[in-house]
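This structure is a prediction, so every number in the text was calculated from the model and none was measured. Labels below follow one simple rule: chain letters A, B, ... track the order of the sequence lines, proteins then strands, and each chain is numbered from 1. Scope of the values below: all heavy atoms of this structure, side chains included, with no hydrogens, waters or symmetry mates.
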Amino acid sequence: MAVCIAIIGKDNSPQYIATSDLDKELELQYRVHAALDVVEEKCEPGTKTTPESRELYLGLLYSTETHKIYGYVTNTKIKFIIVMDSSNTALRENEVRSMFRNLHILYTDAVCNPFYIPGEPLNSKKFDKSVRGIMTGNI
Amino acid sequence: MSDDSIFEYLHTEIVNYTLLQSKENDLSTLEYIGYTTGYRLIERLTREWTRFKDELETMKFIWVYVLQDNAFRFLTRISPKHLEHAPKFVAFTCGLVRGSLANLGINSTVTAEVQSMPSCKFHIQVNRN
């Protein structure tokens, strides 16, 4: 199960962060923050030209004792970070991949709302509800 | 086919509306509507694509792009005699292209040139920053 889902804008400013446990919010935000360096490294042009490296899904960014951090970057340089609980060993890579896919679909729908100003924090209630659905695995 | 005509009606109505609101044929509002549309739309259009790398790099080296459409949709319904009305029907599309490129990280200026209806040329000038 995901414990934190974050959307980071073009200029690395947070646009949306959802955490499952409010007590650990700060700690999880540190994890997301640390992941941004890895994302940047992976997106650098000219490092690797393997087919996998052209995918939007970046795979496992890094793992700690308690968490696994996965990343995804859109063509418009919006980063999605998902922090997973390491205790869940049954988790498959494909599940994370589909979580990111669903998250991307939700994000594009939210951005297409004409009342949302690009670059501002996302505070749509409907979006928040759906993302929390992804987090608990209900989608 | 019927979907296309609905879109054309909407576009014509947007042109009509924005020009009624503004004084002396100000096309910047229309261009801005296109810009915001493109900015949001590109997010959806590039969802299934692999990550851009080389394409964008190449684009930066070439300064001016020209796109030509020999039967530009919004101009096919207008009589070729009324060339003076062409600018209002291309402003939205100029903005659309500019907005899409802006969200992909390319700062550009897009202008359109209509020499004879219904063909239209879009010049995309990449601004180096």
Practice prompt. Sort out for me which of A:Val73, A:Ile78, A:Ile105, A:Asp109 touches chain B most, counting heavy-atom pairs under 4.5 Å.
Written response: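 Result: the option with the highest number of such pairs is A:Ile105.
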
Item to complete: Considering only heavy atoms and a distance below 4.5 Å, find which of A:Asn113, A:Thr76, A:Val111 pairs most often with chain B.
Response: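 Between A:Asn113, A:Thr76, A:Val111, the count favours A:Thr76.
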
Practice prompt. Measure across B:Glu43 and A:His104 and return the closest heavy-atom pair with its distance rounded to 0.1 Å.
Written response: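 Where B:Glu43 meets A:His104 most closely, the heavy atoms are O-NE2, 4.2 Å.
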
Item to complete: Anything under 30° is parallel, anything over 60° is perpendicular, the rest tilted; go ahead and classify A:Phe100 against A:Tyr57.
Response: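 Plane angle between 30° and 60°, so tilted.
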
Practice prompt. Describe, in one word, how the ring planes of B:His11 and B:Phe74 are oriented to each other, choosing from parallel (under 30°), tilted (30 to 60°) and perpendicular (over 60°).
Written response: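 Geometry flag for B:Phe74 against B:His11: parallel rings.
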
Practice prompt. May I ask you to check whether A:Tyr62 and A:Tyr70 place their ring centers less than 6.0 Å from one another?
Written response: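 No: the rings miss the under 6.0 Å criterion.
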
Worksheet item: Are B:Leu101 and B:Val126 joined in one hydrophobic group, where the rule is that I, L, V, M, F, W and Y side chains link up if heavy atoms are under 4.5 Å apart?
Response: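 The answer is yes; both residues are in one hydrophobic cluster.
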
Practice prompt. Pick one of side chain, backbone, both or neither for B:Thr36, based on which atoms fall under 4.5 Å of a heavy atom in chain A.
Written response: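 Contact with chain A: none, neither part.
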
Discussion item. For a quick check under 3.5 Å, do A:Tyr16 and A:Asp128 share a side-chain donor-acceptor pair by atom type?
Written reply: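 A:Tyr16 vs A:Asp128: donor-acceptor pair found between side chains.
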
Discussion item. Any donor-acceptor pair under 3.5 Å linking the side-chain atoms of B:Asn103 with those of A:Lys77?
Written reply: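 No, no side-chain donor-acceptor pair sits under 3.5 Å.
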
Worksheet item: In residues 85-99 of chain B, which residues are in contact with chain A at a heavy-atom separation under 4.5 Å?
Response: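 Residues of residues 85-99 of chain B touching chain A at under 4.5 Å: none.
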
